[in-house]
Protein chains: 2
Amino acid sequence: MTDSTAKSSTSPDLDAVTGQEPTHENLYAEQKSPARHATRTPPPAHEKPEPQHLRDLFDNATFEHHYQPDSTIVLHGDRVQAMYLIVSGTVRCCTIDPEGRRQIFRFAQKGAVLGVADIDKWHFTAEAVDHVILRSVAQSTLRQALTANPRLCQELVTRICELLRKDERQLLSLAHNKAPERLLQFLTDFSAERGASGKSHVALPMCRRDIADHLGLSIETVSRAFSTLKNSGQIEMPTFESYRICPPAPVA
Amino acid sequence: MTDSTAKSSTSPDLDAVTGQEPTHENLYAEQKSPARHATRTPPPAHEKPEPQHLRDLFDNATFEHHYQPDSTIVLHGDRVQAMYLIVSGTVRCCTIDPEGRRQIFRFAQKGAVLGVADIDKWHFTAEAVDHVILRSVAQSTLRQALTANPRLCQELVTRICELLRKDERQLLSLAHNKAPERLLQFLTDFSAERGASGKSHVALPMCRRDIADHLGLSIETVSRAFSTLKNSGQIEMPTFESYRICPPAPVA
DNA sequence: CGATCTGTTGACAATGCTCAACGTTCGTGG
DNA sequence: CCACGAACGTTGAGCATTGTCAACAGATCG
């Protein structure tokens with residue numbers, strides 16, 4: 001049923017980052033580290049600042065993995081060998097149910113981490129929507145860092161909880177909202193996650209099929225929902241793969 | 001809209017949990033259920049074996065909280081002051097969305113823990129479905145135990161991940177299944193969680209409204225779905241508040 | 001006994017899915 | 001260079017499922 005079965009690109013996993021061990025301690029420092037996601041800074045192998053955030057672990061990544069559109073990043077059921085940071089691109093996290101229907105739990109974008117809630121085996125399949133660049137940290141490295149630093153453990157919990165919140169928000173949307181409302185919420189969330197200013201137009205990397213499988217709708221209904229939102233002036237679409245949310249529209 | 005706004009009973013939170021004196025009372029003898037195994041075994045305050053599991057923390061609980069049907073246990077948005085173990089009864093975890101519609105994320109039963117994924121504030125409202133008995137552990141105690149014992153932290157992560165899996169399973173159900181299928185899956189899961197043998201009949205403590213708000217359906221549709229399942233021989237219902245899942249039914 | 005609450009069932013309308021047709025874009029091959 | 005087919009998005013028509021409104025039955029309670 002599902003069309004996107006393309007697989008290719010480098011399949012990393014273990015090789016990449018069997019980095020050395022960042023040891024111990026839980027000295028408290030600053031709260032929010034700046035260092036968002038930079039252009040790869042070669043890690044100085046000798047100096048090892050204690051990682052205070054999950055993100056810091058990726059600073060030791062020796063290189064970046066590239067994925068072509070529609071290629072598989074991790075496969076549902078496979079052993080977890082690493083955790084991934086999305087440097088750029090969009091990833092869809094999905095499963096196929098017994099009847100062959102696909103459910104996309106979420107689209108993960110730049111800055112998101114794959115594998116925070118996957119203990120032993122991946123509980124979803126991750127595929128590249130567009131061109132995706134990842135950095136990875138070996139599972140063993142991660143475990144060491146976690147036991148050494150309770151703060152990291154806490155951040156992990158926080159991140160998983162955020163996933164939970166998102167899922168429950170999605171649950172609410174599926175349970176109560178009509179197609180156009182679901183779509184609008186999705187578009188709003190998507191642009192928010194991407195840090196869009198609301199001024200400029202946001203690119204929609206995924207196809208209608210992907211959106212449909214995310215919102216639990218058919219592609220036709222998604223298409224109609226787009227039309228509804230456009231006609232009612234809630235969104236603006238220069239092309240079918242870019243959009244902008246229009247201000248709340250002063251209703252009566 | 002939502003009718004179940006009843007709030008009453010002992011609302012513990014700070015006082016109770018902080019270990020000292022249970023100020024207000026929780027006597028309140030019989031309501032429905034004759035307190036399954038509510039007899040508290042007095043914890044030997046002096047000896048404290050290192051807790052290896054989250055459950056162990058509750059062994060030190062000095063008493064048990066009782067809740068009448070439809071009473072509020074914790075309120076969405078309130079500060080988290082404790083974590084709760086369900087000793088008996090069924091709890092519904094829900095939120096009310098801006099439009100006033102209620103979504104029940106899950107029904108928690110005996111052995112479940114409330115508050116594993118709520119860091120600072122409760123992100124849902126918990127209400128007693130039937131007579132509920134809880135044990136609690138103060139947030140501060142929990143934090144101490146967590147920092148002292150990485151195993152506990154890991155168990156916490158595992159439990160949150162289980163929640164995530166359940167939510168995603170629910171997501172899948174809402175996105176792809178028709179009413180009767182959703183209901184059947186719910187009934188199956190519910191009896192499984194309760195450890196039902198499959199032989200005997202399972203009591204349905206919650207009303208149709210609750211089930212509807214859990215499955216994202218109207219009460220009428222839930223009622224019709226029950227009829228469908230009964231007529232097709234997939235379930236058996238001696239009364240409208242007890243059921244039994246019938247074997248897979250040998251199809252062609 | 002009447003009032004109320006819950007669950008069930010029916011009739012009708014609204015929403016969304018399926019099937020189908022059509023336009024556009026893109027890549028391939030004549 | 002153009003024709004063709006494939007893939008994708010859009011739109012329409014008919015049908016299935018579900019929500020809404022309404023009536024009714026049984027249980028509980030005063």
Side-chain angles (χ1 to χ4, degrees), chain A residues 1-6 68-70 99-103 129-130 173-184 186-187 203-232 235 237-243, chain B residues 1-6 31-32 68-70 92 97 99-103 129-130 173-184 186-187 203-232 235 237-243:
Chain A
M1 271 316 135
T2 315
D3 44 6
S4 57
T5 39
Q68 303 169 10
D70 288 327
E99 285 86 357
R101 295 165 304 193
R102 184 178 68 158
Q103 171 66 29
V129 169
D130 46 9
S173 189
L174 288 194
H176 298 302
N177 289 346
K178 310 282 178 202
E181 303 173 277
R182 287 190 220 177
L183 180 59
L184 184 59
F186 163 68
L187 294 176
L204 256 189
M206 74 290 291
C207 65
R208 296 293 188 261
R209 159 99 275 138
D210 285 347
I211 300 179
D213 287 344
H214 179 52
L215 300 179
L217 299 169
S218 66
I219 43 180
E220 293 93 338
T221 301
V222 170
S223 190
R224 278 184 256 267
F226 267 115
S227 299
T228 303
L229 293 180
K230 278 188 289 190
N231 294 337
S232 64
I235 63 171
M237 296 193 78
T239 76
F240 63 80
E241 49 194 6
S242 74
Y243 69 98
Chain B
M1 268 320 134
T2 316
D3 47 5
S4 59
T5 39
Q31 173 75 7
K32 285 269 188 187
Q68 304 169 13
D70 288 327
R92 58 172 177 256
D97 77 2
E99 285 86 357
R101 295 165 304 192
R102 185 178 67 159
Q103 171 66 30
V129 169
D130 47 7
S173 187
L174 288 194
H176 297 301
N177 289 345
K178 311 280 180 202
E181 302 172 279
R182 288 191 219 176
L183 181 58
L184 184 59
F186 163 68
L187 294 176
L204 256 188
M206 73 291 290
C207 65
R208 297 293 189 261
R209 160 98 273 138
D210 286 346
I211 298 178
D213 287 344
H214 180 53
L215 300 180
L217 299 169
S218 66
I219 43 179
E220 294 93 337
T221 302
V222 170
S223 191
R224 276 185 258 267
F226 267 115
S227 300
T228 303
L229 293 181
K230 277 187 289 188
N231 294 337
S232 64
I235 63 171
M237 295 192 79
T239 77
F240 64 80
E241 50 193 4
S242 75
Y243 69 98

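Residue numbers begin at 1 in each chain, while the letters A, B, ... track the order of the sequences.
For DNA chain D, the neighbouring residues in residues 220-230 of chain A, judged by any heavy atom under 4.0 Å, are A:Glu220, A:Ser223, A:Arg224, A:Ser227.
Between B:Arg208 and C:dT8, a side-chain N or O to OP1/OP2 separation shorter than 4.0 Å is present.
Put simply, CD on B:Glu241 is 13 Å from C1' on D:dT28, counting in whole angstrom units. Rounded to a whole Å, the CZ atom of A:Phe240 is 9 Å from the P atom of C:dT25. Rounded to an integer number of Å, the gap from A:Lys178 NZ to D:dT18 P is 12 Å. What separates CZ of A:Arg209 from P of C:dC17 is a distance of 10 Å, to the nearest Å. Atoms CG (B:Leu217) and P (D:dA16) sit 20 Å apart, rounded to a whole Å. Here D:dT17 presents its C1' atom at 17 Å from NE2 of B:His176, a figure rounded to the nearest Å. When rounded to the nearest whole Å, the span between CG of B:Leu174 and P of D:dT17 equals 18 Å. As rounded to whole Å, 15 Å separates atom P of C:dT6 from atom CE of B:Met206.
Considering all non-hydrogen atoms of both residues, A:Gln103 and B:Ala175 come closest at OE1-CB, 3.2 Å.
Between B:Arg102 and B:Asp97 there is no salt bridge, since no side-chain nitrogen of the basic residue lies less than 4.0 Å from a carboxylate oxygen of the acidic one. The pair B:Arg92-B:Asp70 counts as a salt bridge, with a side-chain nitrogen and a carboxylate oxygen less than 4.0 angstrom apart.
For the atom pair A:Glu241 CD and A:Leu204 CG, the distance stands at 8.5 Å (nearest 0.5 Å). B:Arg208 CZ to B:Phe226 CZ: the interatomic distance, rounded to the nearest 0.5 Å, is 4.0 Å. Distance check, rounded to the nearest 0.5 Å: OG1 of B:Thr228 to CG of B:Leu184 gives 11.5 Å.
Among the protein residues, B:Ile219 comes within range of no part of the nucleic acid, since none of its heavy atoms lies under 4.0 Å from any strand.
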